[in-house]
Protein chains: 2
Amino acid sequence: MQSLFFAHVTKDVLEDICVHKIERQHSKGETIIQQGDPIKEFIYLKSGLVKLIRTTSENKDQIISFSKPFDFVSVFSVFSSEYYNYSVIAIDDSITCILDLEEVKRHALNNGHFAMDLMYRMSTATDHIIIDNMEIRKKQLKGRIAHILLYFARNIYKANNFELPVSRREIAEYIGMTVENVIRTLSEFRKDGLIKIYGKEILILNEKFLEEVSEHG
Amino acid sequence: MQSLFFAHVTKDVLEDICVHKIERQHSKGETIIQQGDPIKEFIYLKSGLVKLIRTTSENKDQIISFSKPFDFVSVFSVFSSEYYNYSVIAIDDSITCILDLEEVKRHALNNGHFAMDLMYRMSTATDHIIIDNMEIRKKQLKGRIAHILLYFARNIYKANNFELPVSRREIAEYIGMTVENVIRTLSEFRKDGLIKIYGKEILILNEKFLEEVSEHG
DNA sequence: CGCGGCTTTGATGTTCATCAAGTAAAGTGG
DNA sequence: CCACTTTACTTGATGAACATCAAAGCCGCG
């Protein structure tokens, strides 16, 4: 396993933790964690891409965040709740690594470095979720669309052309607007020469200006 | 110190941690933590009420959350960042308790129970922030106002009449709407007999219906 | 007293959701 | 493999929700 994963934990400790590691395959669309399930495992993403979602009382889905490889999938609640209050769904074919939660806890109890690394990782993850949500909240439609395009280009694919891993609906569920307006805005960006669109293929033509839109509407 | 504070830590360990505890007085409006400051201390709230805010690039304030006594004030970023990416401001006269961050980290390193308790507390706090933000995002104006009224009534004051600790502007900054619309909605609730308003004094007359509005607009 | 901040109300315009309707794409069963 | 159904995508028209602008009252404070 990666020394990337836990910076200050020695190899043998890590191996000890991962003795009972299980890998699980998930195909696109599959539910990895179901909101309401008891939290018994500690899960991280090895490959693929997943979304964390919440189903509201009106049965609408809200996307909380996306996770890429080596992010924890059990990001939050794991150490503070008995049940998941969110679902995790694969948006690409994915592989997760699963550790027994009690075992992870036991190790954290006995190994301060492991505990601290864990804390660091969890804290980083939740920080990003919070800050990102605040960022999205302050923007309006165009800014939000620009934001998510730049997010995929920079954080996920590190390229200016990429295949959108999410549907228009999912974008809408992430930024908190309607599908129609997501589409309208994408079309507008296309007409304005900011991006090219071929179905799910996106090519960012004018990153500077997209950045501008993301910042100041 | 409270055994409330850390459930699984023995008294002498706790006393050891708190040897260098400093208490600090803050009067209403005072800045306790300034966004951008280096994180050197671990802070929790002993009495009073504070708000966590973020100043956006357009110099507008967004309120991330409120914290009540025995909440950590250094809620997030403490274990994942060198600098605060939010400010903390007293909205009532408050007393904070300040521990040296390095010392807290050292204890977490050496005492698994302490580390786990810390993790639990941090995780609980960030969970609430995330879930609350998602809740607010899915509602519209009326629902958001109802939500915050119930929040103060239930979580902070545990009573149906209370003095609003925040200005209309601050409510606006929390729910992400304008001051004018906050006021208009409060007036509407008053006219509809849901609440009474005398300046900052709020009396909730029809909690059931307010709940209804919070849930379904 | 007068100034600045907080509150309130009204009028107007912008942003966005909703509804409707149609095309394209993708899965499904015979 | 084709007809069939469903799901995703797209555009336009309309109305609702909300921001913005303007103006005035209130209150605490130097």
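Atoms considered below: every heavy atom in the structure, side chains included; atoms not considered: hydrogens, waters and symmetry mates. All chains are named by letter (A, B, ...) in the order of the sequence lines, taking the proteins before the strands, and each is independently numbered beginning at 1.
In this structure, the side chains of F162(B) and L164(B) come closer than 4.5 Å at one or more pairs of heavy atoms. Contact annotation: the side chain of I39(A) approaches that of S77(A) to within less than 4.5 Å [non-hydrogen atoms, C-beta and beyond]. Taking 4.5 Å as the limit, some side-chain heavy atom of V50(B) sits within range of a side-chain heavy atom of I32(B).
Atoms CZ and CD1, on F66(B) and I148(B) in that order, are 4.5 Å from each other to the nearest 0.5 Å.
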Extract all donor-acceptor atom pairs below 3.5 Å that involve side chains of residues 190-197 of chain A and protein atoms in other chains or at least two apart in sequence.
none

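The interatomic distance linking D61(A) (CG) with dT7(D) (P) rounds to 14 Å, in whole Å. We find that OH of Y198(B) is positioned 19 Å from P of dC26(D), with the value rounded to whole Å. I183(B) places its CD1 atom 15 Å from the P atom of dC26(D), with the value rounded to the nearest Å. The CZ atom of R169(A) sits 11 Å away from the P atom of dT7(D) (whole-angstrom rounding). To the nearest angstrom, C1' of dA8(D) lies 13 Å from CG of L164(A).
Along DNA chain C, the stretch of nucleotides lying under 4.0 Å from any heavy atom of chain A spans, 5' to 3', dC16(C) to dC19(C).
Applying the salt bridge (Lys or Arg N to Asp or Glu O under 4.0 Å) definition to pairs two or more places apart or across chains, those involving residues 170-189 of chain A are K51(A)-E170(A), K142(A)-E188(A). For residues 24-36 of chain B, the pairs satisfying salt bridge (Lys or Arg N to Asp or Glu O under 4.0 Å) are R24(B)-E41(B), with sequence neighbours left out.
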Seminar exercise, completed: Readout for nucleotides 18-24 of chain D: B = base within 4.0 Å of protein heavy atom, S = sugar-phosphate only, - = neither; 5' to 3' it is SBBB---
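K40(A) and E82(A) are not joined by a salt bridge, as no carboxylate oxygen comes within less than 4.0 angstrom of a charged side-chain nitrogen. Comment: R144(B) does not engage E135(B) in a salt bridge, judged by the lack of any side-chain N to carboxylate O separation of less than 4.0 angstrom. Ion pairing between E58(B) and K139(A) fails under the 4.0 Å rule for side-chain N and carboxylate O.
At least one side-chain nitrogen or oxygen of K200(A) sits closer than 4.0 Å to the OP1 or OP2 atom of dC9(D).
Taking the six-membered ring where tryptophan is involved, the planes of Y84(B) and Y86(B) are perpendicular, since the angle between them exceeds 60° and thus also 30°.
For the helix from dC1(C)-dG30(D) to dG30(C)-dC1(D), the axis fitted to the five pairs at one end and the axis fitted to the five pairs at the other end meet at an angle of 40° (nearest 10 degrees).
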